[in-house]
Amino acid sequence: MKTSISVIGAGYVGLVIATCLAELGNEVTLIDIDELKVNSIRNGVSPIYEEGLEDLLRKVNMQVTTDYEKTLPSKIIMLCLGTPSDESGINLNYISEASTKLAGILKRRQDYSVINIKSTIAPGTTEGLIIPSLEKSGKKAGKDFGVCMSPEFLREGKAINDFMNPARIIVGEHDRTSGDVLCQLYEHFNAPIMRTSIKTAEMIKLASNAFLATKISFINEIGNMCKQLGIDAYDVAKGMGFDDRIGNKFLNAGVGFGGSCLPKDLKMLIAKAQEINYEPKILEAVLKLNDEQVVRMLDLLKKHVQLKGAIIGLLGLAFKSGTDDVRDSRAIGIVDALLKEGAIVKAYDPLAIKNFSQIFPQIEYVTIEQVLNSDAILILAECEEFNKLDYKGRIVIDGRRVAKAREAEIYEGICW
Ligand SMILES: NC(=O)c1ccc[n+]([C@@H]2O[C@H](COP(=O)([O-])OP(=O)(O)OC[C@H]3O[C@@H](n4cnc5c(N)ncnc54)[C@H](O)[C@@H]3O)[C@@H](O)[C@H]2O)c1
């Protein structure tokens with residue numbers, strides 16, 4: 001059913017969701033507090049790189065604004081605010097501020113609308129923080145307005161396809177009527193819809209990401225052992241993957257996971273466990289092992305190069321290929337350590353140089369060919385173009401299993 005929808009937060013998730021919902025014929029209003037971002041989107045220029053997004057953005061018709069008043073006619077309001085991690089665990093300020101602003105709007109609304117939380121949050125956050133904030137409007141959840149928590153599972157780099165073709169849709173509902181409204185929106189998607197409680201939906205998202213992170217740290221642990229034992233971790237993963245209880249996805253050993261989701265969602269779940277006095281042994285080990293992969297990579301490099309004064313070339317700055325997102329990317333820890341050791345860093349990425357240079361303006365950003373003229377090269381993402389380079393005569397430490405890099409004079413795979 002076509003409906004009027006507001007999406008609050010025009011980031012990697014909100015912008016994709018809003019554009020896709022508009023493409024599906026809904027009447028969409030996209031709201032962000034960042035005026036530059038709003039203006040850019042209005043002009044058909046996507047502030048983030050996501051394959052196919054800009055073309056779709058230019059095609060669809062949607063209202064883009066900083067004005068929360070424009071949510072007034074919307075039947076569904078989706079919250080897509082960032083929930084980054086910080087020293088205290090998780091930063092809920094953005095979601096808190098948006099809920100407070102929405103309460104001001106709800107106060108004046110006469111009709112029924114459903115607030116749907118898409119941000120990733122720990123179990124209990126909707127009921128403990130968001131609903132009380134919205135109810136400061138004097139209106140009551142479940143009576144005057146509806147609330148759902150429907151986590152988003154899209155992957156950056158494949159976000160449009162993932163949103164349009166989800167593997168499942170989880171509808172955490174405050175009450176049946178709230179859930180009915182959301183289910184009507186989703187009924188044309190070709191995916192199973194699971195209706196559940198809000199807390200369960202919050203946990204499904206965190207548990208899913210924690211499981212994926214666990215799979216990666218698991219295969220990295222096996223890979224670290226394989227390297228010492230002279231076994232190819234990729235052959236081991238292939239052999240394991242024939243078993244459909246295990247599956248063959250997320251078994252690529254390497255320098256570990258980064259990005260705006262897996263590390264932060266894992267930390268969010270660990271913080272929740274600590275809050276309820278539960279010791280999350282597996283989750284903590286997953287995170288620790290992931291951090292240690294960076295150290296392993298640097299140790300392999302130091303076996304072959306004296307870092308002080310050496311030129312180290314980096315291939316891959318985004319947290320993975322196909323995105324410009326550098327949040328929690330593996331390259332951040334690596335560059336930090338290299339600079340501390342006195343190395344000179346020259347780096348290349350097909351999409352993420354602009355974002356990375358905001359964190360490290362002091363390193364040199366070069367062409368892909370210029371990276372080859374370094375004393376040693378570290379491969380940190382699995383971009384196709386890295387597999388076309390001529391590595392002969394070079395020293396390469398590979399964190400992502402780039403086949404062509406094996407031609408290097410000195411080649412070290414992190415787990416193989
Ligand atoms: N990035 C992903 O691949 C992904 C996938 C699934 C779920 N998620 C979750 O979705 C949520 C959003 O992630 P993201 O990557 O899109 O974050 P983001 O930081 O890219 O986007 C958040 C946007 O919200 C805007 N904003 C901040 N305060 C605001 C306010 N008060 N009102 C309106 N707009 C405001 C910011 O300007 C920004 O554009 C997070 O909880 C994340 O964990 C992300």
Side-chain angles (χ1 to χ4, degrees), residues 1 3-11 13-18 20-22 26-33 62-63 65-83 92-152 163 169-186 193 195-205:
M1 201 184 70
T3 189
S4 58
I5 304 165
S6 282
V7 175
I8 304 195
V13 167
L15 180 56
V16 169
I17 292 183
C20 289
L21 288 172
N26 298 287
E27 199 177 297
V28 177
T29 302
L30 176 62
I31 293 168
D32 202 287
I33 44 166
M62 70 175 165
Q63 179 172 221
T65 175
T66 54
D67 183 3
Y68 271 66
E69 294 288 321
K70 298 284 190 318
T71 62
L72 270 170
S74 301
K75 189 156 183 207
I76 299 173
I77 301 170
M78 305 222 179
L79 297 191
C80 302
L81 289 314
T83 48
L92 292 170
N93 291 345
Y94 302 110
I95 211 142
S96 239
E97 274 168 34
S99 308
T100 305
K101 283 193 177 169
L102 264 185
I105 302 288
L106 279 177
K107 199 183 263 182
R108 285 178 287 116
R109 261 190 102 132
Q110 301 304 322
D111 58 339
Y112 179 86
S113 59
V114 172
I115 317 290
N116 178 34
I117 292 102
K118 297 295 288 173
S119 298
T120 304
I121 44 179
T125 310
T126 301
E127 281 153 359
L129 176 90
I130 300 173
I131 293 179
S133 205
L134 295 170
E135 287 186 334
K136 285 195 180 134
S137 59
K139 302 279 171 77
K140 189 114 191 68
K143 179 173 158 279
D144 305 308
F145 65 93
V147 180
C148 288
M149 194 283 156
S150 172
E152 184 49 57
F163 181 77
I169 292 167
I170 305 294
V171 174
E173 56 195 23
H174 173 272
D175 55 275
R176 202 70 193 165
T177 313
S178 304
D180 285 347
V181 172
L182 210 58
C183 286
Q184 271 173 21
L185 173 71
Y186 287 137
I193 298 182
R195 296 177 75 154
T196 184
S197 74
I198 284 186
K199 252 200 259 191
T200 308
E202 291 166 333
M203 190 55 140
I204 287 171
K205 172 66 190 177

Between [X] (side chain only) and [Y] (backbone N and O only), is there a donor and an acceptor less than 3.5 Å apart?
X    : Y    : value
S178 : V147 : yes
N26  : T3   : yes
D32  : A10  : yes
K139 : L106 : yes

- Task: Take T196 and V171 through the test side-chain contact (heavy atoms from CB on, under 4.5 Å) and record every step on the way to the result.
- Result: CA-CA 6 Å; T196 184; V171 174; over 6 Å; no

- Task: Tell me yes or no: between the side chains of S74 and T71, is some donor less than 3.5 Å from an acceptor?
- Result: no

- Without hydrogens or angle criteria, can the side chains of S4 and E27 be said to hold a donor-acceptor pair below 3.5 Å? no

How far apart are the closest heavy atoms of [X] and [Y], and which atoms are they?
X    : Y    : value
D144 : K140 : OD2-N, 2.6 Å
M149 : A201 : O-CB, 3.4 Å
E173 : I198 : C-CG1, 3.7 Å
I17  : C80  : CD1-SG, 4.1 Å
S119 : L81  : OG-O, 2.6 Å
S150 : Y186 : OG-OH, 3.5 Å

With the side chain counted from C-beta on, respond yes when [X] and [Y] share a heavy-atom pair under 4.5 Å apart, and no when they do not.
X    : Y    : value
F145 : E135 : yes
K75  : S113 : no
I76  : L182 : yes

Under 3.5 Å, side-chain donor or acceptor atoms of residues 125-132 against the rest of the protein: list the pairs with distances, not counting sequence neighbours.
unit_1 : atom_1 : unit_2 : atom_2 : d
T125   : OG1    : A122   : N      : 3.4
T125   : OG1    : A122   : O      : 2.6
T126   : OG1    : E202   : OE2    : 2.5

- Please walk me through it: do L185 and I5 pass side-chain contact (heavy atoms from CB on, under 4.5 Å)? CA-CA 10 Å; L185 173 71; I5 304 165; 3.6 Å; yes

Report the distance from atom [atom1] of [X] to atom [atom2] of [Y], rounding to the nearest 0.5 Å.
X    : Y    : atom1 : atom2 : result
R195 : C183 : CZ    : SG    : 4.0 Å
E152 : I170 : CD    : CD1   : 11.5 Å
E97  : L92  : CD    : CG    : 11.5 Å
I31  : T65  : CD1   : OG1   : 6.0 Å
I8   : I33  : CD1   : CD1   : 11.0 Å

- Message: Can you confirm whether Y94 is buried at OH, in the sense that more than 12 heavy atoms of other residues, nucleotides or ligands lie under 6.0 Å from that atom?
- Response: no

- Query: Would you find more than 12 non-hydrogen atoms of other residues, nucleotides or ligands less than 6.0 Å from M62 atom CE?
  - Reply: yes

- Task: Take T177 and Y112 through the test side-chain contact (heavy atoms from CB on, under 4.5 Å) and record every step on the way to the result.
- Result: CA-CA 10 Å; T177 313; Y112 179 86; 3.8 Å; yes

Without placing hydrogens or testing angles, list every side-chain donor-acceptor pair under 3.5 Å for residues 98-105, not counting sequence neighbours.
unit_1 : atom_1 : unit_2 : atom_2 : d
S99    : OG     : I95    : O      : 2.6
T100   : OG1    : S96    : O      : 2.9

- Cationic N near anionic O, under 4.0 Å, R108 to E69: yes

